Every structure is written in C-alpha cells, then in structure tokens.
Amino acid sequence: MMRRPKTANFDESWKNIQSVTTAVMSESPVDRDEWCEQITSVYYLCMAMPTPLAESLYSKLKEYLINHVQSCREKVLEAPGNDILPMYDSLYKTYSRGAGYLNDLYMHLNQHFTKRTIKNEWCDHYMHSIEKVKKFEKVQDLAMNIWREEMIEKVHEPLVSAILQDITRDRRGVSAYSNILRDVIHSFVEVQSHEDPQGSQLQLYKELFEERLLENTGNFYQKEAQKLYEQNDVSNYMIKVIEKLDEEELRLRKFIHHTSISPCKKECVNKLIADIQDRLLDEYKIMLKNEHVEDLSRLYILIRRLNEGCKKMADIFHDHIFENGKGSIELMARGCTPQEYVDALLIVYRKFTNIVSNYLSNDQNFTDALNRAMTKMVNSTGDTKKYPRSSELLVRHADHILKKANCKNNSLSEIEDQLRNFIDLFKYVDDKDLFQRFYSKKLANRLIHNTSVSIELEEVAISGLKDRCGYEYTSPLQRMLIDMKVSDDLTKEFEQHLEQKNEKLNVVFSVNILQSGAWPFSANTGASEEQSDKNTPDFNVPSDLAVCIDKFKTFYNKKYSGRRLRFVFPLSNGTVVLNHTARQYTITMSVHQLAVLLLFNDKETVSKADIANSLGLEKTELEKTLSSLVDSKIIKTEGDGYTINTEYVSKKRIFRLPTSTVKDHTEKEVEQTHQSVEEDRRLYIQAAIVRTMKSRKQLGHNELIQQVINLSKDRFTPSVAMIKKCVEVLIDKQYLERHSNQKDVYQYLA
C-alpha cells in the first residue's frame, strides 16, 4: 500500500533516525520494528508536505558521518606504533559494513532524492558544473568518500609508513599482520570502488601507497643485492636471488593490489639483476667454458626477466658454440674423413641442443643462436677454397650409412638414428643445390650397382630431405626410386615372358630402365650423341650378353612402342666366377672388365691390340679397365700382352672389383660438379632477375639485389658480385637497361 505524504517534525524524526544510525555504525543490535519504523521515517522526511526535507536529512547524515570518522581518526592516531594497523583495520571494517547497512536504512533517500537530484543537476549544468552533479551521492558512496577524505587522506603518512615497515619485516623473515596488512592496503582501493570503472578507482591507491611502495622496494633490494653479492659467489648469489624473487612474488600476491605486482617485480629485478647484469654475463662466459649447466639454468631464469636480457645471453651463447665447433672446421681443412667431420659436428650439436632443451627451456633466442652457430660452422670453408666442403662430406657420410657393405653390424633402428642425425645437420647447409647434385650422384651409384641397404631406407632419407626443402627439391631423387621399382617389375615380366616361350639365357640377366633426364649422368657415362642417333653401343658386347640384350629389346619394344632404349655400359656390371685359381672366387665387376676377362676363356695370353679390337673401347676407357684388372692382380702383363693370373689369391671369396680409384679423378669430378652448379646458379639468377623485372618493370639496384637473394635463399646464397655479373649479362642480351637519368635503376625491356 502506498504511503501518503504528510507533514513531519524534522528534529524529532532525525533524533530517532540518528539513534539507529549510531547503532548501525557501531554494529550494535537494532530491534526489527525500530529498523522498519526509521526506514518509514526517512520516507516521510523525503516526501514531507509542503516542502520535502530530503536535503536537510542528507546534510544531517553527512555531518554525522564526518564527525564519526573524525572520532575514528583520533583513535587511529592515538594507537601505539605497532597497533595502528590493527586499529585502523578494525575501525574500517566496522565502518564499511555499517555504510552498507546505511544504504538500506536510507534507501528512500537514495531513490527519491539523490538519484533525482543528480539527474536534474546533470541536465541543467552539464557544461557548467560537474562538481555540482556530484554534490548528492548515494549514501554508501557518501560514507566511503568521507572515510577517504577525513581518514585516509589525513592519516596516510603514519598509516603507509606502518604498512611499509610491516612489509619490510616480512621480507626479513619477521612475521607480519598478514590479513590485516592486506585488508588495510585494499581499503585504499575499496573507498573508490564506486567510481566510474573507466575513471580513477585506483588514483588514491597509486598516489598515496604505490609510489612509496616502489621506492621502498627499490631501496630494500638495492641494499640486499649488495649484501648478497659480497657474501656469496655467483652460483650461491643466483640461488638466493631466485629464492628472494619467488618469495617476493608470493608476498606481493598476498598483500597488495594486483596492478602493483608487475611494477614491484620490475623494481626487484632491476636492483637484484639489471644493476649487476654485466658482471653476471662475464661469469656466464666462464659457466659456458666450464660447462656449469646448473648455473646456466639459474642465470637464464634470472636474465629472462630483463628486456633484451636473453638476447645478450644468446649472442654470447652463439659465439661460444662457434668457438667450440672450430675443431670440425679444422678437421675439414685437414682433409678429414666424412665420418670424422660429421662426428665432430654432432658432438657440438648434441651437446648444445641438450643445454637448450634441458637448461634453457627451449627458449627461441637460444634455439636461434644454436642454429646460427651451426649454420656458420657447416658453411665455413675452413681454408681458402671457394666452396665449403660440407655438402660433399655430408653426402659421402650418407652414402656410407646407406651402403649395405657398411651396415652389416647395424640394426635398422641404428641406421634410422644415423639418418636422423644426417638430416639434422643437412638443415644447416646453405648450398642446397650443390648438396642435391652430390646426393643424386651417390644415390644413382647405390641404386645402379645394387649397393643400397634397402629402398625403404633410401625413402626414409629422401623423406627427411623433403621435410626440410619440399617436394620439388626431392622429386628427381624420388623418380630414381620409382625407376628402380618399375625395373624390378619389368625384369620379372621379362623372365615370365621367356618361360612362356621356353627360352633360356646362358646368364642371369636383369635390366634397369632409367628415365632420360632423371639421372645425374654426364655425357661420357653413356653413348655419345652421334652413337645414340645410330642406336649403336659404345663397345662390342660379348656374344653371351648380346643375345640377352637382343631378346630384351624385342620384348621391350613390343611392350612399349615408340620408346628408344640406349644401353649405358659404363654403368653396367656383371658377376663372374674364377675357376682357374686354387680357390673359387665370385667377383662383381663392370661390364668392360667382364668383357676383358671373357677373352681369356679362349686364350691364355691376349695382346693389347686384340683386346682393343675385340672390345672397341676408346683408348682412355681401355687403359682404365686394363689398369684396374692389373692393379687387382687378376691379370698380369706379359710382354706386349696380358695373361690370366692363375696364382691369384684374395682374403674374400665374394667381393666387388673396383674400377679406377685414383684420387685425382675424384677431385676432378668434385671440381666439375662445382663448376656445373656454378653455371646452373648463373642461369637461375638470370631467370630470377628477369622474372622480378618483368613483374616490377622498374627497380632500384639494391632492391633488385635483395629480391634475387630472397628468391634464391632456399637453394643457395648468391653473392652480390655474382648477381651484378648476371645483371650485366642481361643488359648485354637486352633484357634490361639502365635508366637514362638514374644509373642505379634498371628498366625491363619487353
């Protein structure tokens, strides 16, 4: 039922209301009927006739609260030094709870006067007097503002001093008023909690408390850092600092407002770490040298708290790794074996990967430093050579891993581990194109001569390369594997074809069908262009082999019309059994070597001229073939001819006979590979320049250089000198021209 406004006796009503207000603010019990009666009294005063008395009631309440807070302030100031915080905390909690009850007691004042007044004042004076808008506040907000003005702002000096003294005691291990301390500090925020969330809720807290807290924190830990550093070695200093920082973080979270945690931690870090950062980094170099990994981990925990701290550590880490890995570069310069080189690199890589992983939390700064150092090591020339040898040595190491002759005592898992290590080092090679050229040649030799451990492991290795460089990079290698699988199937079909026709061959015969252009053969490994046009072999094939070749040609041409076969005899091999010796030997050798030995089935001695006429080989190839047979002592010279060595002896009964293994030949082949790659790079750079200029039409010199480097970096790192030469070549070829008014600008010529 709505109450009707009526006349009211203000003094008598206020006396009764004040009595309940006093009980509420002192948390004394209030009778329920009395509580309800005074709420009604507030209503009648707000709605009094003929003139509402709400403003008078508001003024009386404000005066009462000011007097009440002033009396509380006297109690706080009179409290002994150690009791000021408990006294303040007790009075504040009682007051803040009472302020909440007052909001209910004076709810009609809030509803019928303060809200309406604020609205009217806002409309009338929006552009003139913001202070007037705030003249009348909700009762609870009024109470909290009075506490702020009459209590906190007037006793903050001794109050904050007591807070800081208590925090300092806690830092020194002396128990403090934990709950009281937290509540007192948070009262600085609570008294402004009714403020606009986008405004200044924390203004009082920051001005009166946070600034002094930061100053106190800095002073305390500056002295603490000096004392700890003087009393401890670096290792113990770091241990104690980590403990101090952890304790301080817990303390801050327990006592202060969350917005102050970060600046306080920063102040601690500045005094305990940043101020002696240079000394710590000097010690860091000693830790690395002596491999004190636990200290490295502690220093990382400290330094990562600083801006750019980890970057400085990582730079030192990079330099140390490179210094540690200089042994591998020196080994390479001395002409070490691939295994020695890879082992030296792996020792460095594993050692510092372990440190980064287990002691530096896989921090990206240190991971990048390790990668940069390993890249610098792997791509170092080690001497004055034009090219680093890393590509060649890594490929030879992979070749050693994947050859069946070297893996007899290794399990499958061991070989896979070795391949993973190989791939880990491969990612640091800059000259990916040079690596690919070497790898494709070694892979081709393994596949053609059937020396690979297995196709599956070859696929594992190629898959690792593909993960690093993409499908396009490994597609030529994968085509080789596909050719071998297709060849196996084709050989089986050929055998089935012979069985169906009841035909038998005098020898076990198999053929590898290789796609032209997919395999890294130079011109001298197969027929010359003139011979290929005539479809003639490069030497006179022995009759037993000629029959097999003719039958296979017939089978293949019938199966695939329009294709042309060209037999590459320098890459072919066969297995022969020596029956003229005391002990029987089974030897795998090249077709050229086999053709020479078959001549001794009819004659004991064969002249060099007869051999030349029978085989039809070029002089160089003939000399190489005869030299390899004589060096292995299977045949021996006799006058102008050769005779079979009936006294031949070897420790192995089954083995492969090498062809020419002259070191100069290997070095020459490596040099030829480098030259070939160099030429391919020039063409690649020229294509990149043309592609860039075609899309941009006009480009400055430096920008063009950068564009070409970006396009080439996945395959190799071109030198600026090489790019300049290619630009000159393209200008001569009239693909580009220099701008008439700007000599450092190029224009594309359509």
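All values reported here derive from a predicted model rather than from experimental measurement. Basis for what follows: all heavy atoms, side chains included, without hydrogens, waters or symmetry-related copies.
Between K624 and E621, at least one side-chain N (NZ, or NE/NH1/NH2) sits under 4.0 Å from a carboxylate O, which counts as a salt bridge. We find that K724 and E728 are not joined by a salt bridge, their nearest charged nitrogen and carboxylate oxygen being 4.0 Å or further apart. Under the 4.0 Å criterion applied to side-chain N and carboxylate O atoms, D433 and R681 are assigned as salt-bridge partners.
Judged purely by atom type and a 3.5 angstrom limit, S452 has no side-chain atom pairing as donor or acceptor with the backbone of R446. Put simply, the side chain of Y684 never gets that close to the backbone of S712: no donor and acceptor are under 3.5 Å apart. Checked by atom type and distance alone, the side chain of T451 never pairs as donor or acceptor with a backbone atom of L447 at under 3.5 Å. Between the side chain of T375 and the backbone N or O of N371, at least one donor-acceptor pair lies under 3.5 Å. With S297 contributing its side chain and E294 its backbone, the two residues share no donor-acceptor pair below 3.5 Å. Judged purely by atom type and a 3.5 angstrom limit, S676 has no side-chain atom pairing as donor or acceptor with the backbone of Q672. Panel note: side chain D399, backbone L443; no donor-acceptor pair is recorded below 3.5 Å. Of the possible polar contacts, one joining the S390 side chain to the V378 backbone as a donor-acceptor pair under 3.5 Å is found. Checking side-chain atoms of K485 against main-chain N and O of I455 turns up no donor-acceptor pair under 3.5 Å. Without hydrogens or angle criteria, S380 side chain to K376 main chain gives no donor-acceptor distance under 3.5 Å.
More than 12 heavy atoms of other shown residues, nucleotides or ligands fall within 6.0 angstrom of atom CG in N290. Heavy-atom neighbours of Q675 CD from other residues, nucleotides or ligands within 6.0 Å: above the threshold of 12. Within a 6.0 Å sphere centred on NZ of K697, heavy atoms belonging to other residues, nucleotides or ligands number more than 12. Counting non-hydrogen atoms of other residues, nucleotides and ligands closer than 6.0 Å to NZ of K492 gives a total of 12 or fewer. More than 12 heavy atoms of other shown residues, nucleotides or ligands fall within 6.0 angstrom of atom NZ in K404.
Using a 4.5 Å cut-off on side-chain heavy atoms (C-beta onward), M377 and I321 make contact. At a threshold of 4.5 Å between non-hydrogen side-chain atoms, the residues V486 and I513 do not count as touching. A 4.5 Å side-chain heavy-atom check between H397 and T337 finds every atom pair outside the cut-off. Here the side chains of N421 and V342 are not in contact, with every heavy-atom distance at 4.5 Å or above. Between L299 and M238 there is a side-chain heavy-atom pair separated by less than 4.5 Å. In this structure, H592 and L622 have side chains that are not in contact, with every pair of non-hydrogen atoms separated by 4.5 Å or more.
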I would like to know whether D431 and R437 meet salt bridge (charged side-chain N to carboxylate O under 4.0 Å, His left out); could you show each step before the answer?
-> CA-CA 10 Å; D431 297 327; R437 191 67 61 87; over 6 Å; no
Go through T575 and T588 one step at a time and tell me if the side-chain hydrogen bond (donor to acceptor under 3.5 Å, both in side chains) criterion holds.
-> CA-CA 4 Å; T575 302; T588 300; 3.2 Å; yes
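The six-membered or imidazole ring of Y748 lies away from that of Y735, with a centre-to-centre distance of 6.0 Å or more. For H318 and F366, the ring centers are positioned 6.0 Å apart or more. Note: F494 and F552 meet the aromatic proximity criterion, with ring centroids under 6.0 Å apart. Ring to ring, H674 and F438 are close: their centroids are under 6.0 angstrom apart. When ring centroids are compared, Y284 and F317 stay outside the 6.0 Å threshold.
To the nearest 0.5 Å, atom CG of residue L434 and atom CZ of residue R389 are 12.0 Å apart.
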